[in-house]
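Below is one structure, written out as structure tokens; comments come after it.
Atoms within each ligand, like the ligands themselves, are counted from 1 in listed order. Excluded from the calculations below are hydrogen atoms, water molecules and symmetry mates; all remaining heavy atoms, backbone and side chain alike, are included.
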Amino acid sequence: MDEFGLIERYFTRPARHPEAVLGVGDDAALIALPGARAQLAVTTDTLIEGVHFPQGAPGYDVGYKALAVNVSDLAAMGARPLAFLLNLSLPEADPAWLARFRDGLFALADAAALDLIGGDTVRGPLSITITALGTVAPGAALRRNGARPGDRVYVSGLLGEAALGFFTRSGRLALPSVFHEQVLARLDRPFPRIEEGQALVGIASAAIDISDGLVADLGHILKASGVGAELDLRRLPLSEAYDAAFPTVGYDPALVFGDDYELCFTVPPERVKALAGITPRFACGFHDIGGIVAGSGLVLRDGQGVYTPARAGYNHFDG
Ligand code: ADP
Ligand code: MG
């Protein structure tokens with residue numbers, strides 16, 4: 001049983017309240033507040049030392065990323081970030097570490113405009129759980145289930161940068177040193193695609209953020225939408241740094257590593273023009289990498305033929 005099978009089997013059941021518009025299974029849940037002009041988007045993610053970040057990781061980066069991964073889920077819904085709750089489990093109260101953690105956390109909270117409105121603090125192994133809240137117009141949220149055959153598949157920004165950062169830091173990849181800062185920054189301090197997500201409302205038919213890798217996360221869109229997709233790997237947005245690493249690493253870091261926090265989304269053909277209209281506003285760019293097809297499953301093609309990655313993507317209870 002994998003992570004998602006576990007959630008489906010044990011923790012998915014029908015909602016009691018009609019206000020619970022969207023529950024388990026998307027980037028955020030949606031709550032309709034009676035009489036309100038907006039819906040509440042709610043999402044939560046946990047970061048554990050030794051699992052999501054290495055022991056001794058800089059407090060600043062841990063604070064920044066703990067909030068960034070949550071805000072990224074709001075972005076993937078097309079929601080406007082509003083506030084967050086912070087649940088901290090700490091082995092000890094180390095003032096220097098806490099100050100750095102706070103600085104990283106609030107750096108992103110300021111950049112993404114969220115207020116810290118509560119939480120909980122306990123003693124235990126180092127772990128951070130954040131619950132982020134955002135708002136979205138009723139019916140406007142970008143869900144995973146709206147992709148249809150004929151839609152184009154897009155990703156924002158660059159893929160595989162976080163993977164290159166991870167391999168560089170762990171010494172598994174000898175990337176030219178001019179690229180080190182760039183790929184480590186993408187690993188440690190991804191900036192969630194907040195404005196992009198909101199601009200995609202009314203344009204994208206489905207969206208998700210890439211936390212577990214393109215193959216796994218696009219896979220969630222395909223499953224939720226009941227469709228398949230065909231991608232041309234030669235169209236993946238890869239950086240100069242990635243080009244330098246490509247002979248060693250191939251396509252897989254861009255496909256199955258994750259941690260990029262880019263958006264993957266689908267656009268119906270009649271809205272591709274509208275997408276082109278908003279694209280100049282965003283430095284990251286939106287890249288057409290393939291199309292949605294009837295059926296199920298994901299087919300990847302490179303210049304030679306069908307390509308199969310070595311693994312599917314990050315999953316906490318794989319195998
Ligand atoms: P994401 O990668 O976007 O953060 P996850 O992979 O963490 O999403 O979770 C997938 C979906 O399952 C989400 O809708 C999440 O809220 C839900 N989920 C995860 N764990 C649980 C749980 N223990 N109980 C209920 N829902 C859960
Ligand atoms: Mg997500």
Any idea which protein heavy atom is nearest [atom], and the distance to it?
atom                    : value
atom 27 (C) of ligand 1 : I7 CG2, 3.7 Å
atom 13 (C) of ligand 1 : D26 O, 3.2 Å
atom 6 (O) of ligand 1  : F4 CE2, 3.1 Å
atom 26 (N) of ligand 1 : V24 CG2, 3.4 Å
atom 8 (O) of ligand 1  : R144 NH2, 4.0 Å
atom 23 (N) of ligand 1 : F11 CD1, 3.8 Å

Flag yes if more than 12 heavy atoms outside [X] fall under 6.0 Å of its [atom1] atom; otherwise flag no.
X    : atom1 : result
E181 : CD    : no
F166 : CZ    : no
E240 : CD    : no

Do E49 and S127 have side-chain N/O donor and acceptor atoms under 3.5 Å apart? no

Distance alone, cut at 3.5 Å: any donor-acceptor contact between the side chains of N87 and T129? no

Contact check: D73 to the Mg ion (ligand 2), N/O/S below 2.8 Å: yes

Compare every heavy atom of E196 with every heavy atom of C284, then report the nearest pair and how far apart it is. SG-OE2, 3.6 Å

Closest heavy-atom pair, A199 versus R281, reported as atoms and distance to 0.1 Å, is CB-NH2, 4.0 Å

Looking at atom 16 (O) of ligand 1, is any protein heavy atom nearer than 4.0 Å to it? no

Under a heavy-atom criterion of less than 4.0 Å, does M77 contact ligand 1? no

Of all the heavy atoms in Y10, does at least one lie under 4.0 Å from an atom in ligand 1? no

Polar contact flag for [X] and ligand 1 (N/O pairs, less than 3.5 Å):
X   : result
D45 : yes
T44 : no
G25 : yes

Could you pull out, from T43, L6, L22, D73, the option with a heavy atom nearest to atom 3 (O) of ligand 1? D73

Between [X] and [Y] (judged by ring centroids, cut-off 6.0 Å), do the two rings come close enough to count as a pair?
X    : Y    : value
Y154 : F265 : yes
Y60  : F101 : no
F191 : Y261 : no

One finds that the ligand 1 atoms under 4.0 Å from a non-hydrogen atom of S211 are 2 (O)

With the Mg ion (ligand 2) at the centre, find the angle made by OD1 from D209 and OD1 from D27, to 10°. 90°

